[in-house]
Structures are given as C-alpha cells and as structure tokens.
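In what follows, chains carry the letters A, B, and so on, assigned in the order in which the sequence lines appear, proteins first and then strands, with residues in each chain numbered from 1.
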Amino acid sequence: MTARPSPFASTAIERHTISILVDNEPGVLARVIGLFSGRGYNIESLTVAEVDRDATLSRVTIVTSGTPMIIEQIKAQLGRLVPVHRVHDLTLEGPFVERETALVKVAGTGEKRVEALRLADVFKARVVDATITSFVFEITGQGEELDRFIGLMAELGLVGVSRTGVVAMSRGPGGI
Amino acid sequence: MSAATNETSLTGADIVLKALRDQGVEVIFGYPGGAVLPIYDALFQQNDIRHILVRHEQAALHAAEGYARSTGKVGVVLVTSGPGATNAVTGLADALMDSIPIVCLSGQVATHLIGNDAFQECDTTGITRPCTKHNYLVKDVNNLARTLHEAFYVAKNGRPGPVVIDIPKDVQFAEGAYRSPADSMPKSYRPQVKPDLNRVEEAIDLLAKAKRPIFYVGGGVINAGPVASQLLTQFVRMTGYPCTTTLMGLGAYPASDRQWLGMLGMHGTYEANLAMHGCDVMVCIGARFDDRVTGKVSEFSPNSVKIHVDIDPSSINKNVRVDVPIIGDAAHVLEDMIRIWKARGKQPDKAALAEWWEQIEFWRARDCLRYDKTPKIIKPQYALERLRAAISGRDDVYITTEVGQHQMWAAQFLPFDKPNHWMTSGGLGTMGYGLPAAIGAQVAHPDALCIDVAGEASILMNIQEMATALQYRLPVKVFILNNQYMGMVRQWQELLHGGRYSESYSEALPDFVKLADAFGGVGLRATEVSQVDDVIAEMIKVKRPVIVDMCVDQKENCFPMIPGGRAHNEMLLGPDEKVENATPEDGMVLV
Ligand SMILES: Cc1cc2nc3c(=O)[nH]c(=O)nc-3n(C[C@H](O)[C@H](O)[C@H](O)COP(=O)(O)OP(=O)(O)OC[C@H]3O[C@@H](n4cnc5c(N)ncnc54)[C@H](O)[C@@H]3O)c2cc1C
Ligand SMILES: Cc1ncc(C[n+]2csc(CCOP(=O)(O)OP(=O)(O)O)c2C)c(N)n1
Ligand SMILES: [Mg+2]
C-alpha cells in the first residue's frame, strides 16, 4: 500500500504571514511569544494591537519561517492556546496585503541632506519632523521597500530607525 | 443565570468553595500557607469537601493526578504562594505531558503588592505558563467564580491538562458576586470532538484493504473515558487485527487478549515493534508518536499508510507525517468507525490477515520477555510475575510506578485488562510520582489494592508521603524493587558509556523496613526467591500502609531495548546482544 503524496513532504523553508485573533487579556502576548521561544520557532516580525474594543479582541500578525510541517505545527500550537479565537495563514489563504511603517532619522547638511530629501520623495516617504540638520521620515510599504530605503539612507547620515513590524490583511471582501 | 445566585455576595474564599462544590469536587489535595489562609478558613467551616494534607506540594499534584487518572474526574490542588507554587511546578509539568486534568489553586500576595518582591511572592502565572494548559491571575473577586468554572472546563475538555488559578489574598477576603458554571463558558475555547466523516470513510476503506494492519493505541483512549476502551476492544475484535499500546495506553485494550501484542517502543515487545515496522496500514488512536515509541523517525514504519486519530490538531504531523488525519474524540471516532465498517459491509482480507498473524506469531515465539530464572537471587521480573499471580482475577487493583527499570518491568509484566488502573509518569518521567499517585488513587478507591511499584532511588524523592498515607489510613503498598542502583541510569552507562557507573550506585540507603516502621506502617523484606510469595501475600493481607523491600538482582537490565537513535528492527533482546559499533553519533545525544 502506498502513501499519498503529502503536502508536508517538502523540506524547503517557507515564509508565512499568520494572523490571529485573540482575547485582549493580560499575558496573551507572553503566551504567543513563549510558544515561539519555547518550541524554537522563528519570529521575523510580530505586531499586536487591540482591534475591537467592545469585544476586547486584539489581532496579532506574525511573520515566521519554516518547513511546511513546522508551519502547520505553529498554527496548530497557536490554535490550542485558550485565548486564541482564530488562526489564519494569509500566505496559504489567497492574496493579501502586507504593510509596515518605519520612522527613519537622518542627520546631515549640504548635498547629502538634499539627496536624502530627493530619495524620500521617490519612495513616497513623508517628512514628519525637520530641523536645520535633520529629518525624520515616515515610510509605509512592503518590508523590502523599507529595507531599500533604509539602506540608501545609511549612506546619507542615518541616525536611527524604528519599525512597526508587519500588519497584514486578506484582499477582497471576506473577513481577515 | 438565576438572579438569586448573581445577587448573593460572598467572600472570595467562599466563592472558591461554592464553585468547587458546584463542580462536584469531593476532595482536594493541598498544603496551607499565609497566602491561602482565608481559603483554609472557609474549608474548615464546611463538610462537603475533604482536604488531604500532603507533605510536599509536588505530592499534592501527583496525588491529584492519581485521583484523576483512576476516576476520570478533575484532580484539585490547593497550594500557597511562593514556595508552595514553585514546589507544584514539577507536578504541573508532569500533568501537562501526560494530559491529566488538574485544577490547581495557588495563593498570591495581595494585588497591591504584586511585583514588589513581597514576602513569598513569585510570578506564578509567569513560571507556570509553559507547564500548564492555561493559567489565570484573578485580580477582581467578581471574576473569580467565572474563572474557576472556566478552569474546570478547560482542564477536562479537548486534550486534558493542568490549569492554575492564582488568587491574591485580598481577593480571597473581598466580597463579590457568584456565578453558576453554566454561565461561565470560555469565550473562545471549543475543541472539536466530532470527526470529519469523509476522513473516517477514507480510513475505513484503507483499513479494510490492509494486508498487514495494526492498531497503535495510546493514552488518548484512556482520556476519552472507559466507553472509548470498550469501543476500541469491539472494533479491534471485529476486524481481527493486531493491537499494541503505548506505556500511557496500557489497559485501553485487554492485556489478556490474543490480539494484543504488548507495549511497543523502546522497551516494548519484539512482536509489537516488528509489527509496527512491517505493517502496511497503521491506525494510531490517541497516541502521539513519542520518540520513545518511534525510535529513529526516518526509519519508523517506512512502508505504511498512517491514519491518526487525535483530539489535538498539534499532535498530528508533529513528529511523523500521516496520511489520514482525523481530529476528534477517540470515543466519537471509534463509534463512527464501527458504524461505517458495518454499514459498508467491510470484511478483512482473510488470507492476508492469516499470513500476517502467522508472521506475528513467529515473532511472538521469540518470547522476548524471557529472563534467566535463578534459584536464590530474586530477579525483578520474577517478583513482578509473582505479584501478577497474586493479584490475578481481581479488578480492584490500581498500579502506580516510579521511574526507571522497575517502571518498565511493571509495564511488561503486570496485567492491565481495563483502563484507569495503571498510573505512571510517561512524558516527564518524574521519579517520586508513584507513592503520591497511589495515595490519590487510594483516596478515590478506599477499599481497593493500590500498589506503587518503586525503585529504591525514586521512592526517596517523595517518601515523606508515607505520613499522609498513615494520617488518612490509606493502605497503599510500596513495592520496592531494590537493586541499590539507579538501574535505568546504570543500564545506559553500561550500554553507552563503557560501564563507567558515574554516581548511579546508592552508597547509603535507609533500612526500608525500619523506615516503614518509623512512619507507623509495616515493613517487609525478601532477600531470596523462597520468601517472595509470603511477603507478597502478607503485603496484600495487611490493611495498612506497607513498604516491601524486595532485594533483587543488582545487575539485571531491562530488555528488549531499542537504543537511542535506532530503528524498531534494531532491537536488543538480551544482555548478550551488544550495541553494534556503539550507538550512532546522532543517537548518543538523545535522552
Ligand atoms: C523510562 C521511560 C521509558 C519509556 N519507554 C516507553 C516505551 O518503551 N514505550 C512507550 O510507549 N512509552 C514509553 N515511555 C513513555 C513515553 O515517554 C510517552 O509518555 C508515551 O509513549 C506517550 O504515550 P502516548 O503516545 O499514548 O501519548 P499520551 O502522552 O498519553 O498522549 C495522549 C495523546 O492522545 C490525545 N488525546 C487526548 N485525549 C484524547 C481524546 N479524548 N481523544 C483522542 N485523542 C486524545 C492527546 O492529544 C495526545 O496526542 C517511557 C517513559 C519513561 C519514563
Ligand atoms: C526527578 C528525576 N530525576 C532524575 C531522573 C533520571 N532517572 C531516570 S531513571 C533513574 C534511576 C531510577 O532509579 P530507581 O528508582 O532505583 O529505579 P531502577 O531503575 O533502579 O528500577 C534516574 C535517576 C528522573 N527520571 N527523574
Ligand atoms: Mg534501583
């Protein structure tokens, strides 16, 4: 008797964006993070904020990577946490949008300052703070886009970066 | 919700007791301290709930586990803050690994002191988060009743496990509203118990076509209640297929039945492991492909189609990839399997099955549990065979164990025909589990024969519980297979570390007969074969706590054994078989 080909046979590492709806109660984030550290799963990015005040629900968005079998295990482990309502693997469930915001501080004068401003314009980054010698840019987009912008700023007097981590949502009218 | 219940204002401590009563709790295991005094005071002023005072909080957890496993109910524990809670951690981790339903209440310092390093403060919810199924810190007395009821729901539904409720002392004094259990369902936790029937159909098709099938059954069937064991037995007999059980599954299928191949895994039988290795369709019910069972995963049952029934989706495809996952409660799934098997008029492939059984009988004929009989020296296996003879035919015997060789021999040599009569620490492997677990089982079954099969090293880890047994007149029997070694450690050192017995010999042991006496129990000793039967008979006859010091062969090893990192077909059957070329590098690192 032969086994059917299994979707978990692959050992290739995949990147998945997982969205979970949880009760916004004390310790819930510690549970999620403890699960990842305790079982040795990767966290590339994790964001959390309340999304429904009346129902006290928060949404956690996690970007993680692993073999298909590990990803499956991560979702099953998340699903059995008591305060978790729903687990969605956006990567598997169809098209979705993924966004991240960064604040990028650049200090400099003269040619470099002008070039920073010009590049910010190209990347559609907004100036949210300015002094004679510095800017804080706000940029929103895909992670790689942010990476590229920050990489360019490194040459032009980058002082510091603060990133939100990834938030994501499925495309179309359906929930999550 | 009735308005009346909602309006009554009670203190937090009274809410705790009322909630326990409403949950049908009859007994709790605990140990007092400053942070739980209000609850102890409320306990004092009522008679419905019995409190068993243990001598160490770890033992309270194990006793509650023994109580839970032998009754199918939730075990309840009460401990104080700080050291009370930290002492409870081992027992919580044990219950989590073995899926035992426990509710553990802990005291906490007053809410306004939390985080201040107050006297006997520890971050109980932080410390116990990874070793509980769920935990709570209750800061508002008006949430207390709901939280207590929710905790019971979470502990016993889905895959069972331990739940901690940390209750600050001011919350125990504060007055608040009570809520009924029906009014306290968790918002999100609803485990799936009914399976996807398409999957069950698929499984039945595969099973009916199988030429070399096997049932691989685990503790989940015990978790699903006695009815699951009955359904399993019915289904296995209907098909005529062989069945093996894990350490945690012993008793789920009658051990006296020909279709049972014994336990599988590291110290499982030759026939069970080879049948697992050679099968073409495996149906795993309520077992979790533990490393002690699979051996080398890449060579585990290489040519089989695997069906896995489990209530916890995270058990599926965790260690071993399966072909037909079925999520649901074992009893529900077995009921559907039987119904569909009958409805579709399925028949096993008689010719193929006869051939398969012929092969299995050939393996069984190796008689892998055979050991050398000695005229004088007591072999541990012999002592257990005599114990088996002495208890055969009784259905009121509950066996617990400590951890080590004696545990494996107990699993191999004692007869388990029914579920809930065997309690052992499988997942965590906690030395010190057996005596308190036997106490818990004895509390639940006062007239039964509760025996802790122990090692002389393990028993010292919770020996203080003899005092508990005495206080409550619990006639538990501690049956020590005394080899003066941490035998299981010595066995690994012999096989894998060149016989360098580093720290595994007990230079100084107590005189266990005198020790029994000191506690107020009865001590018995056998040093040669001729004394074994008399000592066992006396142990059973005496209606008091007994310690038996069964002085056994110090050098005996437990076989069969699959060394770490090896496959099922690389089993060692006896002392004459050496680990070929030592164990592979990757096997050496395995525990
Ligand atoms: C020294 C030592 C040696 C050992 N050697 C062996 C050995 O040789 N062989 C062996 O088998 N074990 C051995 N063990 C035990 C081993 O470590 C594991 O504890 C054991 O194999 C696990 O048993 P299990 O697979 O039945 O799972 P359990 O731990 O009993 O888990 C139960 C499974 O069933 C599921 N479940 C729970 N409730 C339900 C329900 N209602 N319906 C359906 N599913 C449910 C759970 O989700 C879980 O996946 C040894 C332990 C020690 C300490
Ligand atoms: C609390 C704890 N510490 C250490 C171990 C590791 N360990 C497993 S078996 C064993 C020896 C047990 O000796 P004994 O109780 O005499 O049993 P035997 O193997 O001799 O039958 C040890 C130390 C454990 N399982 N639990
Ligand atoms: Mg020993």
Side-chain angles (χ1 to χ4, degrees), chain A residues 1-12 18 20-41 51-52 54-60 66-89 92 176, chain B residues 123 125-126 129-137 139 143 147 150-151 153-155 157-159 161 163 166 186-192 202 206-207 209-213 279-282 301-307 310-325 327 352:
Chain A
M1 199 148 304
T2 48
R4 300 178 304 186
S6 163
F8 302 124
S10 161
T11 52
I18 295 171
I20 51 182
L21 216 51
V22 300
D23 286 323
N24 182 16
E25 60 182 35
V28 67
L29 193 57
R31 275 179 221 290
V32 172
I33 292 172
L35 174 65
F36 276 73
S37 64
R39 294 186 182 267
Y41 306 142
V51 291
D52 183 338
D54 298 335
T56 58
L57 289 177
S58 291
R59 189 192 304 273
V60 181
T67 63
M69 207 158 148
I70 298 269
I71 300 283
E72 203 52 32
Q73 188 55 210
I74 290 174
K75 289 184 283 186
Q77 292 291 350
L78 286 168
R80 71 183 192 144
L81 295 178
V82 172
V84 169
H85 289 246
R86 273 182 288 157
V87 179
H88 285 271
D89 185 340
L92 279 190
I176 290 220
Chain B
D123 177 5
T125 46
R129 197 172 290 125
C131 58
T132 52
K133 182 173 174 187
H134 195 50
N135 63 16
Y136 305 87
L137 169 64
K139 287 185 168 175
N143 288 335
T147 306
E150 184 175 311
Y153 179 89
V154 169
N157 282 279
R159 179 179 184 165
V163 178
D166 202 25
K187 282 183 280 183
S188 49
Y189 188 66
R190 294 280 182 287
Q192 178 182 345
E202 205 180 327
L206 285 166
L207 264 175
K209 280 192 228 136
K211 301 208 178 303
R212 297 185 311 279
C279 69
D280 69 343
V281 176
M282 171 191 304
S301 193
N303 301 313
S304 61
V305 175
K306 299 175 185 73
I307 301 161
D310 203 292
I311 202 162
D312 180 356
S314 81
S315 283
I316 290 174
N317 286 318
K318 181 167 67 179
N319 305 329
V320 168
R321 263 187 279 128
V322 298
D323 304 281
V324 184
I327 295 165

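- Here the closest heavy-atom approach between residue B:S188 and residue A:D23 is recorded as OG-OD2, 3.7 Å.
- Rounding to the nearest 0.5 angstrom, the gap separating the CE atom in A:M69 from the NZ atom in B:K318 is 10.5 Å.
- Residues B:E150 and A:V82 approach most closely at OE2-CG1, 4.4 Å, considering heavy atoms.
- At a 4.5 Å heavy-atom cutoff, the contact between B:R159 and chain A is made by side-chain atoms alone.
- Each of A:E25, A:K75, A:Q73 has some count of heavy-atom pairs under 4.5 Å with chain B, and the biggest count is that of A:Q73.
- Interface residue A:Q77: backbone and side-chain heavy atoms are both found under 4.5 Å from chain B.
- For a residue to count as touching a neighbouring chain, one of its non-hydrogen atoms must lie under 4.5 Å from one of that chain's; by this rule B:N135 touches chain A with backbone and side chain alike.
- Residue contact with chain B, scored on non-hydrogen atoms closer than 4.5 Å, involves the side chain of A:T56 exclusively.
- Using a 4.5 Å cut-off between heavy atoms, B:N319 touches chain A through its backbone atoms (N, CA, C, O) alone.
- Among A:P83, A:G27, A:G79, the residue making the largest number of heavy-atom pairs under 4.5 Å with chain B is A:P83.
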*Given the rule in the side chain to side chain contact (heavy atoms under 4.5 Å, CB included) test, do A:R80 and B:K133 qualify, once you have shown the distances and angles that lead to the verdict?*
CA-CA 9 Å; A:R80 71 183 192 144; B:K133 182 173 174 187; over 6 Å; no
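- Atoms OH and NE2, from B:Y189 and A:H85 in turn, are 13.5 Å apart once rounded to the nearest 0.5 Å.
- For a residue to count as touching a neighbouring chain, one of its non-hydrogen atoms must lie under 4.5 Å from one of that chain's; by this rule B:I316 touches chain A with the backbone only.
- Taking CG from A:L81 and CZ from B:R129, the interatomic distance works out to 10.5 Å, rounded to the nearest 0.5 Å.
- Looking at B:P313, both its backbone and its side chain come within 4.5 Å of chain A, counting heavy atoms on both sides.
- Heavy-atom distances place no part of A:V22 under 4.5 Å from chain B, backbone and side chain included.
- The two residues B:S314 and A:A76 have their closest heavy-atom pair at CA-CB, 3.4 Å.
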